[in-house]
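The chains referred to below are lettered A, B, ... by the order of the sequence lines, with proteins before strands, and numbering in each begins at 1.
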Amino acid sequence: AAGVIQSPRHLIKEKRETATLKCYPIPRHDTVYWYQQGPGQDPQFLISFYEKMQSDKGSIPDRFSAQQFSDYHSELNMSSLELGDSALYFCASSLDRGELFFGEGSRLTVL
Amino acid sequence: QQQVKQSPQSLIVQKGGISIINCAYENTAFDYFPWYQQFPGKGPALLIAIRPDVSEKKEGRFTISFNKSAKQFSLHIMDSQPGDSATYFCAANALSSGGGADGLTFGKGTHLIIQP
């Protein structure tokens with residue numbers, strides 16, 4: 001069965017640089033979520049989209065933005081990167097805001 | 001404020017034993033309680049989930065027990081195996097009240113080690 005696809009899997013950036021993460025949800029899923037997970041931490045909700053419209057925002061810094069495109073894939077844009085942004089970033093998708101299925105994550109390292 | 005409190009933080013169980021992880025929640029609007037299993041460097045994988053209209057759900061070696069009045073739920077892993085060694089997260093969501101937009105509220109996680 002198709003799963004949530006995230007790219008890139010690993011990303012290394014310098015401080016103050018910009019990074020873009022991509023997420024391709026499970027086909028026909030209408031909701032996409034972004035989570036940030038620091039080392040040894042639980043996933044923290046950043047933002048979600050339902051039918052290509054921003055649905056809710058969590059603890060997402062102002063330096064971050066996201067959008068969902070017409071093909072339902074989503075991108076998380078992170079600017080002015082800080083050391084503390086180093087984390088695993090997970091995308092999840094669901095149908096009718098039901099069960100969430102997570103991707104494998106994108107590991108961002110900020111040097 | 002942690003809306004879903006999970007314990008213990010870490011747990012060591014002998015192979016063949018029963019692993020028990022507990023969670024408690026505050027928000028009475030929560031009506032969906034999944035458990036996720038996460039291996040290092042991997043995404044959380046849905047293990048089993050329960051709705052508050054039942055008190056127990058079993059899938060293979062994994063059982064969720066749910067106590068609505070106490071606002072508590074727990075995961076039991078029977079005949080624990082070394083391959084079960086992972087981090088387990090309980091979570092909660094308020095699906096029926098349209099709260100699914102912000103996804104899940106996670107517990108802090110339990111690092112489970114099954115010793116051979």
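Heavy atoms from other residues, nucleotides or ligands lying under 6.0 Å from NZ of A:K22 number 12 at most. The number of heavy-atom neighbours closer than 6.0 Å to CG of B:D53, taken from other residues, nucleotides and ligands shown, is above 12. Within 6.0 Å of CD on B:Q9 lie no more than 12 heavy atoms contributed by other residues, nucleotides or ligands.
Not a single ring-ring contact (aromatic ring centres under 6.0 Å, His included) links B:F62 to another residue, sequence neighbours left out.
Atom-to-atom distance recorded for A:D42:CG and B:T110:OG1 is 11.0 Å, nearest 0.5 angstrom. If you take OG1 on B:T87 and CD on A:Q41, they are separated by 11.5 Å, rounding to the nearest 0.5 Å.
Here A:Q37 is the residue among A:R9, A:Q37, A:R107 with the most heavy-atom pairs under 4.5 Å with chain B.
When hydrophobic clusters are built by joining Ile, Leu, Val, Met, Phe, Trp and Tyr residues whose side-chain heavy atoms come closer than 4.5 Å, directly or via intermediates, B:I20 is not grouped with B:I114. Under a hydrophobic-cluster definition in which Ile, Leu, Val, Met, Phe, Trp and Tyr are linked whenever side-chain heavy atoms come within less than 4.5 Å, directly or via other members, A:Y24 and A:F101 are assigned to different clusters. Hydrophobic clustering, with ILVMFWY side chains joined whenever heavy atoms are under 4.5 angstrom apart, groups B:Y25 together with B:I64. Hydrophobic clustering of Ile, Leu, Val, Met, Phe, Trp and Tyr side chains at less than 4.5 Å, counting indirect connections, unites B:L47 with B:L11. Note on A:I26: it does not cluster hydrophobically with A:Y72, by side-chain heavy-atom contacts below 4.5 Å among ILVMFWY residues.
In this structure, no portion of A:Q6 lies under 4.5 Å from any heavy atom of chain B.
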| task | Show your reasoning for whether side-chain contact (heavy atoms from CB on, under 4.5 Å) applies to A:E99 and B:Y32. | result | CA-CA 9 Å; A:E99 295 181 357; B:Y32 171 67; 2.8 Å; yes
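Across every non-hydrogen atom of A:Y35 and B:L104, the tightest pair is OH-N, 2.8 Å.
Contacts between residues 34-44 of chain B and chain A, counted as heavy-atom pairs separated by less than 4.5 Å, involve B:Y36, B:Q38, B:G41, B:K42, B:G43, B:P44.
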